[in-house]
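The next block holds one structure in the form of structure tokens; read it before the comments.
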2 protein chains.
Amino acid sequence: MADKVTIADVARAAGVSRQTVSNALNTPEVVRAETRRRVLDVVEELGYRVNQAARQMRTGRSRLIAARIDPEQDGINGSVGDRFLHGLTETAAREGYRVLLYTADGDDAETAAFDDLLGAYEPDAFVLMATHHDDKRTSWLAERGVPFVTFGRAWSEPAAPHCWVDVDGAAGTEAATRHLLSQGHRRIGFLGWPTGSGVGDDRREGWRRALAEVGLGVSGLHRETEDDVAPGEHAARDLLERDPEITALVCASDSLALGALHVARAPGPAWLAGGHPHRPVAVVGFDDTPVAKAIGLTSVRQPLAEVASSCLRLLTHRLDGGAGASPEYLLLPPSLVVRASG
Amino acid sequence: MADKVTIADVARAAGVSRQTVSNALNTPEVVRAETRRRVLDVVEELGYRVNQAARQMRTGRSRLIAARIDPEQDGINGSVGDRFLHGLTETAAREGYRVLLYTADGDDAETAAFDDLLGAYEPDAFVLMATHHDDKRTSWLAERGVPFVTFGRAWSEPAAPHCWVDVDGAAGTEAATRHLLSQGHRRIGFLGWPTGSGVGDDRREGWRRALAEVGLGVSGLHRETEDDVAPGEHAARDLLERDPEITALVCASDSLALGALHVARAPGPAWLAGGHPHRPVAVVGFDDTPVAKAIGLTSVRQPLAEVASSCLRLLTHRLDGGAGASPEYLLLPPSLVVRASG
DNA sequence: ATGCATGATTTGATCGTTCAAGTTAAGGAA
DNA sequence: TTCCTTAACTTGAACGATCAAATCATGCAT
């Protein structure tokens with residue numbers, strides 16, 4: 001609290017001007033090596049730290065990156081966002097940035113939040129999660145020339161005008177399906193979300209592809225429903241009852257997979273209510289949430305730490321380095337975490 | 001992106017001086033009502049927003065609150081921090097503050113992070129989670145006069161020199177135990193953490209108290225172990241095998257409870273490996289994590305949103321209002337979420 | 001009338017940094 | 001010698017807000 005050391009203090013102690021101190025720190029190449037050393041020694045000795053607010057005033061750059069923190073949606077899939085945020089914060093710190101949080105419920109509230117933040121704190125960039133078709137947020141930012149990356153590809157545009165990083169969901173479900181095929185399963189169903197969501201359609205496609213590769217069709221083998229446990233259970237029951245040949249299910253999320261497990265399991269334990277005795281069915285989820293780990297559910301894991309660091313690297317590259325003209329896209333492969341469920 | 005409106009722009013348009021605009025916004029009572037209205041109209045019309053950086057330079061206040069984001073510990077209990085952070089962000093926004101994230105592994109790394117942040121971004125305050133005995137972090141901040149609140153009481157000091165908000169863990173386990181008693185259970189065990197952790201000891205105490213109230217002792221009824229699923233399972237097995245009379249277990253966390261469930265359940269489903277057939281045992285967890293909800297585990301729920309908003313309210317009260325001399329403490333009651341497990 | 005609070009507004013200075021332009025000294029080419 | 005270039009460093013101004021002090025009316029008591 002006591003003292004705040006300013007650049008002028010350092011300059012005085014080192015016997016140079018303010019600007020030379022600034023140069024020694026930010027543009028070393030214009031300062032004589034010996035002078036630079038002397039300045040850096042004094043900086044160290046006095047414990048000088050540049051004041052962000054002052055720097056921001058002059059340069060217009062806040063070294064702040066804004067990201068949304070979600071209320072844990074259904075409580076199961078929510079943890080994805082948190083793992084991502086943690087990775088983001090860690091990488092950001094390493095690159096000299098900090099993560100500023102905001103909340104918003106819906107796209108309109110979020111663009112309003114953009115406006116507020118830009119007016120007051122002037123973050124240098126935004127990181128968006130969960131992109132969807134006709135995402136208003138990206139166009140809002142793009143129109144105003146605000147830098148941003150998205151975790152999630154641009155579903156509506158073939159070649160997006162902005163950078164994105166995403167995980168290859170289709171590759172994930174494809175790997176999951178192949179895994180099940182290799183275990184001898186031949187009739188493998190899919191539990192997903194209603195057509196029209198980019199992410200959901202993508203995950204279904206991976207499953208379809210894997211089956212097609214070995215000459216199997218998908219007719220009557222899938223159900224689409226809301227992303228929660230109860231709907232998942234319902235859909236799974238329906239699917240399994242209509243097709244007694246099905247021995248395995250690939251799911252678009254751990255929530256759905258958990259619902260499926262309630263049906264697919266052998267006569268259930270006392271603390272899981274209402275299970276009809278049923279043949280055992282293998283189940284694979286998506287996201288490798290804590291719940292999956294806890295109950296031994298095989299699941300597709302997204303490399304969230306890498307997604308986060310990639311997002312940040314794309315941003316800082318644009319912010320600090322020359323602003324490369326064409327946007328970059330990055331599609332990372334997920335991995336399958338095999339557990340007892342399949 | 002185009003234009004940024006400054007206070008000078010507003011002043012010019014409204015035909016007053018910069019200072020009057022500032023006063024109209026920050027000290028309305030010194031400005032004539034009519035003038036104030038005119039200024040506010042112009043503010044609205046031009047879309048003026050105060051620039052935080054400039055304000056911070058002059059006032060020394062950043063309106064930033066720093067909080068740590070954890071890597072999801074064991075993946076199960078981690079979600080507590082995230083729910084808290086979300087609440088914090090939401091309340092902060094309402095009070096004109098923003099949450100700035102940082103990461104740190106261990107107390108020393110965290111105080112180093114304090115130093116970094118204070119030097120560069122000058123957050124007005126810190127919010128700390130998971131306080132423990134002899135917490136280096138609180139003393140570091142206190143010595144330097146940096147405002148902060150902790151989620152978690154000051155375990156080492158009788159009357160802490162700083163504000164804290166906490167959840168009454170003992171009340172939670174007490175309620176859980178009473179609930180089990182009311183269901184007819186008479187021999188109720190406890191699975192907890194090694195003695196010495198404030199939180200863990202507190203939770204054990206609530207269980208003990210509830211049993212004592214109805215004249216029951218606790219000898220041989222509890223086990224202490226590391227906070228994870230496997231140790232929980234191990235400890236539960238040990239406890240249940242040595243005392244065949246036990247019909248229910250209260251646990252210090254959902255992780256432990258999940259381990260206990262692996263033992264306590266009726267002959268397990270195929271996807272949960274290695275279960276010895278066993279008598280059914282009721283289990284209650286702590287934290288009401290997504291996992292608890294997913295598997296139907298009765299659990300003690302902490303009112304995280306209220307904890308977060310209370311933390312923030314205590315802070316802003318001190319930051320904005322007069323800095324009340326004596327610290328305030330707030331102990332909030334948890335609630336029991338009853339599910340199939342007990 | 002004069003003086004003097006009081007209310008409403010304005011003026012100049014300042015926070016700590018970096019930008020842009022200026023200065024100084026040294027080295028080469030003419 | 002004189003001029004020009006370059007390297008190394010310094011000086012003043014500016015970013016956009018608020019603080020502290022100054023100014024200008026206005027009303028009221030003396």
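Every chain is numbered from 1 and lettered A, B, ... according to where its sequence line falls, protein lines coming before strand lines. Bear in mind the structure is a predicted one, so any value in this text is a computation, not a measurement.
- Contact annotation: A/T59 does not reach the phosphate of C/dC19 (side-chain N/O to OP1 or OP2, under 4.0 Å).
- Atom P of nucleotide D/dC15 and atom CG of B/D9 are separated by 11 Å, given to the nearest angstrom.
- For A/Q56 against D/dC15, no side-chain N or O and base N or O form a donor-acceptor pair under 3.5 Å.
- Residue A/N26 places at least one side-chain N or O closer than 4.0 Å to OP1 or OP2 of C/dT18.
- Taking only distance into account, the side chain of A/R58 never meets the base of C/dT17 through a donor-acceptor pair shorter than 3.5 Å.
- Contact annotation: A/N51 does not reach the phosphate of C/dC15 (side-chain N/O to OP1 or OP2, under 4.0 Å).
- By the 30° and 60° cut-offs, the orientation of the rings of A/F126 relative to A/Y102 is perpendicular.
- At the phosphate of C/dG16, neither OP1 nor OP2 sits under 4.0 Å from any side-chain N or O atom of A/T6.
- In this structure, the CD atom of A/Q52 is 10 Å from the P atom of C/dT17, given to the nearest Å.
- Applying the 6.0 Å contact sphere to CD of B/E44 captures no more than 12 heavy atoms from other residues, nucleotides or ligands.
- Residue B/R36 is out of contact with every strand shown, counting any heavy-atom pair closer than 4.0 Å.
- Note on B/R49: only backbone sugar-phosphate atoms sit closer than 4.0 angstrom, heavy atoms only; bases stay farther off.
- Not a single donor-acceptor contact under 3.5 angstrom links the side-chain atoms of A/R55 to the base of C/dT17.
- Ranked by how close their nearest DNA chain D nucleotide is to the 5' end, A/N23 and B/N23 are led by A/N23.
- For A/T20 and D/dT10, the shortest distance from a side-chain N or O to OP1 or OP2 is below 4.0 Å.
- In this structure, B/F151 has its ring center at least 6.0 angstrom away from the ring center of B/W164.
- Considering only side-chain N and O atoms, A/S22 lies nowhere under 4.0 angstrom from the phosphate OP1 or OP2 of C/dT17.
- Across the protein-nucleic acid pair, A/M57 atom CE and C/dG16 atom P stand 11 Å apart, rounded to whole Å.
- To the nearest angstrom, P of C/dG7 lies 18 Å from CD of B/E34.
- In this entry the distance linking OH of A/Y121 with P of D/dG16 reads 18 Å, nearest Å.
- Atom P of nucleotide C/dT24 and atom CD of A/Q19 are separated by 18 Å, given to the nearest angstrom.
- Between A/R32 and D/dA8 there is no side-chain N or O to OP1 or OP2 distance below 4.0 Å.
- The side chain to side chain contact (heavy atoms under 4.5 Å, CB included) test with A/Y97 singles out one residue from A/L88, A/T89, A/L319, and that residue is A/L319.
- Residue B/R18 has no polar side-chain atom (N or O) positioned under 4.0 Å from OP1 or OP2 of D/dA17.
- Within 6.0 Å of CZ on A/R37 lie no more than 12 heavy atoms contributed by other residues, nucleotides or ligands.
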**OP:** Let me see the working for A/D107 and A/K136 under salt bridge (charged side-chain N to carboxylate O under 4.0 Å, His left out), right down to the final yes or no.
**Re:** CA-CA 6 Å; A/D107 279 12; A/K136 284 186 192 178; over 6 Å; no

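- Here the P atom of nucleotide C/dC19 and the CD1 atom of A/I7 are 11 Å apart, to the nearest Å.
- Taking atom CG of A/L25 as the reference point, atom P of C/dG16 lies 16 Å away to the nearest angstrom.
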